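Taking it in order: structure first as structure tokens, then the write-up.
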Number of protein chains: 2
Amino acid sequence: MDHEKQREKVAEATWRVIQKMGLDQASVRNIADEAGLSVGSMRHYFSTHSELLFYAMKMVSDRVGKRIANIDFSGDLLTDIPLLVDEILPTDEEKRLEMEVWFAFVVKSLSDKDLARYRLEVDDGLRSIFIEIMDGLAAKNLAAPDLDAELEIERFYALIDGLAIHAVLRPEKMPADLMRRTVYRHLQSLCRPSE
Amino acid sequence: MDHEKQREKVAEATWRVIQKMGLDQASVRNIADEAGLSVGSMRHYFSTHSELLFYAMKMVSDRVGKRIANIDFSGDLLTDIPLLVDEILPTDEEKRLEMEVWFAFVVKSLSDKDLARYRLEVDDGLRSIFIEIMDGLAAKNLAAPDLDAELEIERFYALIDGLAIHAVLRPEKMPADLMRRTVYRHLQSLCRPSE
DNA sequence: TTGTTTTTAATACAATTGTTCTAAAAAAGG
DNA sequence: CCTTTTTTAGAACAATTGTATTAAAAACAA
């Protein structure tokens, strides 16, 4: 029996409980029910409740990281950036579940030191992506002149997080297509007029 | 004894508990302790726990709404929009507490029907502000030509929510000054070149 | 088969939850 | 000063929480 696979199944059950009932209802009993296990049995895979929650949180960013690592980049920034952003934004049901769970953990991280430390790590990693994007645009002479790079990094990053939140909170107002068009429009506002 | 004032004091204690310990630790006992009351005594102002939480959530948006209503607008859009946005964004400690509490309730609203209904109301009200902003820019002929109005509404709204979240999650990376400059830069990206 | 380990199940325990109830203290009105 | 109402305090309730314990069941090795 694959120990690690079982841990992932339990963590996925945790995600579903969080989506259906909220993080505060993600008790060991509710998760065990959702996973089809007994409480004592689940204990063999996670020895404490917080260890399970931490694992479930990390699995979110792991999944996103793996998707990004699997992108087949073209080399052209203006096509690659949308590819990249598309794997971060909740552009389908699976990613929306992830994002919803992530937000729950983010809020919990505001009063949980361990979760906060990990959230900072992920945030730094994400921010470095936007730093590289702006660096890339400048290096290839695509960026509009007189851009304040540090400001544009935060503006782009904030826009993406805002779109992600709105897609979770008002999915009917923020379909995948609108997210993509908004990203495209924003890119355009960062780049010098072409030709 | 002012009944309503006492309710606000209890709700403010609720905010502090949420900030210090998280929404899931905002139990009647913890809130009563923070407010300096007994459990039975608090019961005279809020008959149920959820009524108290709902009140504490509504108080956040009420405070924001009151601040906006008190703005002394100049009539010039390009000075008024920053004034307006400044009352929404967490540009000082007081507003950061509000925003932190608000996010906690927003996440809870994902698994609580009553909170979800109210959150939708607030969201619609907020979105209508950005609709008016874009309408105003177009009416005064300030907006750049060829703007997709509906897209720009969502882009601006998403940017503001993204800035707000970042100010809560990484206050040292998103000081008030950077938020204001980012808003200014975004406005510039919406407007036609001046003169 | 027999023996060993892994996995599952179920119960028990103390702590915390929202809520209810009872009564004392304080305030107000006559 | 007495009566009535409002406010406060604290104990008690059943339900739920994370965790520990115990033992049965299953899987596996020899």
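Source: prediction; values computed, not measured. Below, chain A is the first sequence line, B the second, and so on; all start at residue 1.
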Could you tell me the separation between the CD atom of B/Q6 and the P atom of D/dT7, rounded to a whole number of Å? 9 Å

In residues 16-25 of chain B, which residues come under 4.0 Å of DNA chain D by heavy atom? none

Would you say B/E51 has more than 12 foreign heavy atoms packed within less than 6.0 Å of its CD? yes

Could you check whether A/E8 pairs with A/R63 (Lys NZ or Arg NE/NH1/NH2 to Asp/Glu carboxylate O, under 4.0 Å)? yes

d(CD, B/E51; C1', C/dT19) in whole Å: 14 Å

Taking the nucleotide of DNA chain C with the nearest heavy atom to each, does A/S41 or A/R29 sit closer to the 5' end? A/S41

Does OP1 or OP2 of C/dT8 have a side-chain N or O of A/Y45 closer than 4.0 Å? yes

Can you list everything that forms a side-chain hydrogen bond (donor to acceptor under 3.5 Å, both in side chains) with A/D124? Sequence neighbours excluded, please. B/R170

Among C/dG18, D/dG18, D/dA9, which is the nearest nucleotide to the side chain of B/L37? D/dA9

Can you check the A/D33 CG to D/dT17 C1' distance for me, whole Å? 14 Å

B/Y184, OH: over 12 other non-hydrogen atoms inside 6.0 angstrom: no

Please work out whether the ring planes of A/W102 and A/Y118 are parallel, tilted or perpendicular, with thresholds of 30° and 60°. perpendicular

Tell me the interatomic distance from B/E4, atom CD, to D/dT7, atom P, rounded to whole angstroms. 13 Å

Whole-Å gap separating C1' (D/dA25) and NE2 (A/H44): 12 Å

For D/dA20, does either OP1 or OP2 sit under 4.0 Å from a side-chain N or O belonging to A/R43? yes

Checking all strands, does B/T48 fall into the base, sugar-phosphate, or nothing category for heavy-atom contacts under 4.0 angstrom? sugar-phosphate

Considering every strand and a 4.0 Å limit on heavy-atom distances, what is the contact class for A/H49: base, sugar-phosphate, or nothing? sugar-phosphate

Protein-nucleotide distance (B/F46, atom CZ; D/dT7, atom P), rounded to Å: 14 Å

Value rounded to 0.5 Å, distance of CD in B/Q19 from CH2 in B/W15: 11.0 Å

Is any side-chain nitrogen or oxygen of A/S38 closer than 4.0 Å to OP1 or OP2 of C/dT8? no

For B/F105, is the NZ or CZ atom of B/R119 found under 6.0 angstrom from the centre of its six-membered ring and inside 45 degrees of the ring axis? no

